[in-house]
K.L.:
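Below you'll find the structure I mean.
All of these numbers come straight from a predicted model, not from anything done at the bench. Every chain is numbered from 1, with letters handed out A, B, ... down the list of sequences.
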2 protein chains.
Amino acid sequence: MPERSTRAMIVEKADTLFYEGGFEATSFADIAAVVGISRGNFYHHFKTKDDILDAVIARRIEQTRGMLALWEAEGDGPRARILSFIRMLIANRAKIMAFGCPVGTLCSELAKLDHGAQGRAAEILGLFRDWLAGQFRALGAGDRAEALALHVLSWSQGVAVMASAFRDETFLHSEVAGIEAWLSTVPDPAPLT
Amino acid sequence: MPERSTRAMIVEKADTLFYEGGFEATSFADIAAVVGISRGNFYHHFKTKDDILDAVIARRIEQTRGMLALWEAEGDGPRARILSFIRMLIANRAKIMAFGCPVGTLCSELAKLDHGAQGRAAEILGLFRDWLAGQFRALGAGDRAEALALHVLSWSQGVAVMASAFRDETFLHSEVAGIEAWLSTVPDPAPLT
DNA sequence: GTCTATAAGCTGATAGAC
DNA sequence: GTCTATCAGCTTATAGAC
């Protein structure tokens, strides 16, 4: 299936370019140049730029599902699984300091563009929220599981924004340590939220 | 000074458009249409689009300084002053849910564009950080004042990203309540950070 | 200080040869 | 399935009349 290969390559490169340069600022010419095809050929695979965005979001949803399933399978208990999520901030720190969180920044950009795909992009955050809520439930958080999940997700989004604004790796590490310390108090965290 | 008036109007309208639609997606034509001048006239006041961005950032820095000075003058003690900052999230909730935080989203966009003004935009966050750190010092936080300031700033950035991604006002209110509850434990906050 | 007219280049998108 | 050639429209930016 040579067709699927080229198409998959376009989506993969577009994903990276949308992340590192933004959706609107990335042109067909940019993607075509990286993939190594002509602009004309492009339209054999995708009719509009929005179609590429849809494919990129679908790819990210699929990859997120795969990652969550992996953490679910490999993590030794819910606390360790939540740590897998938090430590993404460390594992991807170079890219996060340069470009922020791929999902958070895409949601922000699409919101400003008043783009119809904004809701679908937010679904990726929803996958993390639901998975994290499941882990907190397993920790005995009960009704507060979803609020705790949103809190961790929100905290990590804030860290990503700040780390990229200030390009400050020390801050990133100390906030991750803060999240981990907070997590050790769950399911009975102090005053929060 | 009729010149300054037109120039000031351009900066004011550009500020709003950059916030609500993004810097790159906003064209000279968009700004000119809102201000009510021709595109040609535009270049009498600003030579390049980057010049407008510089002016917008300078305006935001000035307005932030003014706001911080007001909170400083009117706030009844450091705890009340920090609450003034936190409650911006509530006061501006409609715009935050639609477009995120004006400063955080601008920093994120400029980072992706690899724009030279990114550092200047981050200075606005720096103003908040330094002011908050001063308040935490006044609360007796000592050496941890700056870390606590960054934590509040980061927390509020995360809330802004999540509130706009999910368009969820309930979440926004409950996180603000969480920040306030956490603040009441300072200068001796639990496990944190 | 504001306007119209215009330039050169990039944008997303199309048509049609191979 | 990939290419070249082309389109209309928009972009930032300039020149020059009033």
K.L.:
Keeping B:Arg81 on the side-chain end and B:Glu72 on the backbone end, is there a donor-acceptor pair under 3.5 Å?
P.N.:
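Confirmed, B:Arg81 side chain pairs with B:Glu72 backbone.
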K.L.:
Are B:Tyr43 and B:Phe28 near enough that their ring centres are under 6.0 Å apart?
P.N.:
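Under 6.0 Å, so yes.
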K.L.:
Starting the side chain at C-beta, find the nucleotide from C:dG12, D:dG1, D:dT11 nearest to A:Lys49.
P.N.:
C:dG12
K.L.:
Pick from A:Asp76, A:Leu183, A:Val176: which one makes a side chain to side chain contact (heavy atoms under 4.5 Å, CB included) with A:Leu83?
P.N.:
A:Leu183
K.L.:
For a 4.5 angstrom cut-off between non-hydrogen side-chain atoms, does B:Met97 reach B:Phe166?
P.N.:
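With C-beta onward as the side chain, the pair stays apart.
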K.L.:
Quick check on contacts: within residues 17-28 of chain B, what sits under 4.0 Å from DNA chain D by heavy-atom distance?
P.N.:
B:Thr26, B:Ser27, B:Phe28
K.L.:
End-to-end bend of the helix from C:dG1-D:dC18 to C:dC18-D:dG1 (five-pair axes, 10° rounding)?
P.N.:
0°
K.L.:
Does one side chain, of A:Asp51 or A:His45, offer a donor that lies under 3.5 Å from an acceptor on the other?
P.N.:
no
K.L.:
Are B:Lys95 and B:Glu20 ion-paired here, with the side-chain N under 4.0 Å from a carboxylate O?
P.N.:
yes
K.L.:
Please check this pair: side chain of B:Thr26 against backbone of B:Leu17, looking for a donor-acceptor N/O pair closer than 3.5 Å.
P.N.:
yes
K.L.:
Atom CG of A:Leu53 and atom C1' of C:dG12: how far apart are they, to the nearest Å?
P.N.:
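In whole Å, C:dG12 C1' lies 15 Å from A:Leu53 CG.
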K.L.:
Using whole Å, report how far NE2 of A:His44 lies from C1' of D:dT4.
P.N.:
16 Å
K.L.:
Can you list, by residue number, the residues of residues 35-43 of chain A that have a non-hydrogen atom closer than 4.0 angstrom to DNA chain D?
P.N.:
A:Ile37, A:Ser38, A:Gly40, A:Asn41
K.L.:
Are A:Phe128 and A:Phe85, when compared by the centres of their aromatic rings, separated by less than 6.0 Å?
P.N.:
yes
K.L.:
Whole Å only: how far is the CG atom of B:Asp51 from the C1' atom of D:dA13?
P.N.:
12 Å
